[in-house]
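Quick notes on the structure that follows.
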Amino acid sequence: EQFTIQFNKADPTELKEAFQFLITELMTILSNLTADILPTTLEEQKISSAPVLMAYEYLLKERKLGGSEESRMASALGQVYAYLGLLRSGEARVSWFRQAEEAFNRAIQRAPFNAAYHYALAWLYQEWGKVEAASPYLKNATYLEPQNPFYRFKFGKNQFKLGKKQ
């Protein structure tokens, strides 16, 4: 309901990048489930707004049903909401970021040992200007994947911004 209201207010050209990302995420998820019947690239398909909306409805239904891919679906929704928030300003931006925050938290609840979900929430907080809130999630991502130099760098950069030394 809220998505429909905000979607109708949005300029279709602003949503292009977010929908492209959604299609890419859906293709990744679906290709893992049915690798032998899906095309290997997005260029093999003609993408229009109707399939994107159907895909979004599928994500919402899957989220409500708590399917086996719940954490991946929640993370994908969180990323879409975050990118939609980046395209907006003011209260609309905050609204999208809140939805993204809820989706990323749901992904972390379903898969607490997935470093990418912790990093995604930290990234959202940084984009939102909540550097302090990002810190524990960057720390978690670093602990969960200590061999990942990207997470270590981002955690160190976050600590530097906060003026902390470790």
Side-chain angles (χ1 to χ4, degrees), residues 2-3 6 15-36 38-42 47 52 55-88 93-166:
Q2 184 179 5
F3 171 78
Q6 289 182 347
L15 299 175
K16 182 179 180 182
E17 183 180 337
F19 284 140
Q20 185 66 34
F21 179 79
L22 174 62
I23 290 296
T24 303
E25 285 296 313
L26 285 172
M27 289 299 293
T28 301
I29 292 167
L30 293 175
S31 67
N32 290 338
L33 298 174
T34 57
D36 55 330
L38 290 177
T40 57
T41 64
L42 290 175
I47 299 174
V52 171
Y56 185 80
E57 290 298 320
Y58 170 76
L59 283 172
L60 291 177
K61 287 177 186 173
E62 189 68 26
R63 181 179 72 175
K64 288 178 185 173
L65 294 175
S68 62
E69 295 291 321
E70 167 69 19
S71 62
R72 289 181 69 188
M73 296 291 183
S75 178
L77 274 173
Q79 291 173 2
V80 169
Y81 292 150
Y83 285 119
L84 287 170
L86 290 173
L87 295 172
R88 310 302 275 168
R93 181 184 196 119
V94 171
S95 176
W96 284 115
F97 280 175
R98 282 187 187 130
Q99 291 179 68
E101 179 183 33
E102 290 173 17
F104 287 138
N105 277 319
R106 210 170 25 258
I108 290 169
Q109 283 178 333
R110 296 284 186 174
F113 299 109
N114 187 316
Y117 299 159
H118 289 270
Y119 175 75
L121 185 54
W123 171 83
L124 172 70
Y125 284 140
Q126 288 180 325
E127 290 296 321
W128 201 346
K130 297 181 175 186
V131 179
E132 185 77 38
S135 188
Y137 294 99
L138 286 169
K139 187 175 185 177
N140 289 345
T142 303
Y143 284 151
L144 290 169
E145 284 188 23
Q147 76 285 3
N148 188 323
F150 181 75
Y151 293 157
R152 295 171 65 95
F153 171 75
K154 290 295 189 174
F155 179 62
K157 188 175 176 181
N158 173 269
Q159 295 302 289
F160 181 76
K161 282 182 180 178
L162 294 172
K164 296 181 180 178
K165 294 182 180 182
Q166 292 196 2

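The structure presented is a predicted model; accordingly, all values stated were derived computationally and were not measured.
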Check your understanding: Is there a donor-acceptor contact under 3.5 Å from the side chain of His118 to the main chain of Pro112?
Key -> yes

Practice item. For residues Asn140 and Tyr119, determine if any side-chain heavy atom of one lies less than 4.5 Å from a side-chain heavy atom of the other. Key: no

Review point. Do the side-chain N and O atoms of Glu101 and Tyr81 include a donor-acceptor pair separated by under 3.5 angstrom?
Key: no

**Study point:** Expected output: side-chain Asn158 to main-chain Val131 donor-acceptor under 3.5 Å
**Key:** yes

Exercise for review: Please round to the nearest 0.5 Å and tell me the distance separating atom CZ of Arg110 and atom CG of Asn105.
Suggested key: 13.0 Å

Review point. Between atom NZ of Lys130 and atom CG of Leu121, what is the distance when rounded to the nearest 0.5 Å?
Key: 10.0 Å

Review point. Judged by atom type as modelled, is there a donor-acceptor pair below 3.5 Å linking the side chain of Thr142 to the main-chain atoms of Leu138?
Key: yes

Review point. Any chance the rings of Tyr137 and Phe104 have centres within less than 6.0 Å?
Key: no

Check your understanding: How far does CZ of Arg106 sit from OG of Ser71, to the nearest 0.5 angstrom?
Key -> 11.0 Å

Exercise for review: First locate atom CG of Leu84, then atom CD of Gln99, and finally report the distance between them rounded to the nearest 0.5 Å.
Suggested key: 8.5 Å

Exercise for review: Would you give the length of the straight line joining atom CD of Glu145 to atom CZ of Arg152, rounded to the nearest 0.5 angstrom?
Suggested key: 12.0 Å

Review point. Which pair of non-hydrogen atoms, one from Glu127 and one from Arg93, has the smallest distance, and what is that distance?
Key: O-NH2, 4.2 Å

